[in-house]
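Data block below; observations after.
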Amino acid sequence: MCSSDLLVEGILLFSVVRFRQRRRDDALPKQVAGNTYLEIGWTLVPAMILAFVAVPTVRTIFDLSAAPEEAERLEVRVIAKQYWWEFEYLGDDGQGVVTAGELHIPVDRPVFLQMEALSAVVPDPGEVGVKEGAVANGVIHSFWVPRLAGKQDVVPGHVRTLTIQANEPGEYSGQCAEFCGLSHARMRFTVVAHEPQEFQAWLEAQAQPAAGTQEGLAAEGRELFETEACITCHAIRGYQTADGQEAAPIRIAPDLTHFASRERFAGASFDVTEENLKEWLDNPPAMKAGVQMPDLQLTEEQIDALTAYLLTLE
Ligand code: CUA
């Protein structure tokens, strides 16, 4: 029992004894009703306080939702899918870079996010970018990086915007904050904030086509990527098909161009390690319930080869 409890109990007991009903005391207490000045006073004063507080509050709300200056901002399109996040760097600075699960940003620069919920994105052949044919039958997700900004719902059929800015380099964990299906809890992502030059170097590296020369097991994996249907959902920029054509970047599943440069995969839920990849390829839904990637019934040899190939995609 702390001192405030004692105080409250004390006042209570005192009131019970002091103001108890006494015998032969049937009279009602003195009735007081209606004091015009008092009532006008306690209506007006709070109204004025609220009006006073509303001015800076409303102004701040508008400031926060305003898009940052075009010259200053980095623009990224965020696409919420089931159950992972895709990030597409827009504008000339963006160089068509597309990643999944990891949003890299420079520090001290506003990052203007344009967010949509789409279940699949099928761009025009030979082009990177969301084009006609994007399927908007997804569900509502919510983009949330607690250390950088509040939650923002991502709704099918709408483009929602949010500005984030990191002032310190480092990793900031993000999570989908709206229940969206079986693997909602595995719909994670990481925001990685870099010093500006470091960010630029990262972007240049990501803009490069995927590593094209593989040997041995990885070369076998590269062939399997095409013959075992991986290529019908996953884009690898610069991938040459067996007949020497560059494959169109289909964005139904995560872009794997620089897969091995990422820390985690499958909604940023598992570390990119040989062991995890093998387990994943053996049976994706066993690791992540509700995932759209099916169990492809791959043999152990095929899994080894595909894993070796994926790990060359730095
Ligand atoms: Cu997406 Cu929960």
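The basis for the numbers below is simple: all heavy atoms, side chains too, and nothing from hydrogens, waters or symmetry mates. Since we're looking at a predicted model, the values are computed, not measured. In listed order, ligands and their atoms are each counted from 1.
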Give me the ring orientation class for Trp85 and Phe143: parallel if the planes are under 30° apart, tilted from 30 to 60°, perpendicular past 60°. perpendicular
Would you call Lys278 and Glu274 a salt bridge, using N to O less than 4.0 angstrom? yes
Between Arg160 and Glu178, is there a side-chain N and carboxylate O pair less than 4.0 Å apart? no
Using a 4.5 Å cut-off on heavy atoms from C-beta on, say whether the side chain of Glu226 contacts that of Tyr239. yes
Got a sec, which hydrophobics cluster with Ile40, joining ILVMFWY side chains under 4.5 Å apart, including via others? Leu44
I want to know whether Tyr89 and Trp202 have ring centres closer than 6.0 Å. yes
How about atom 1 (Cu) of ligand 1, which protein N, O or S atoms come within less than 2.8 Å? His141 ND1, Cys176 SG, Cys180 SG, Met187 SD
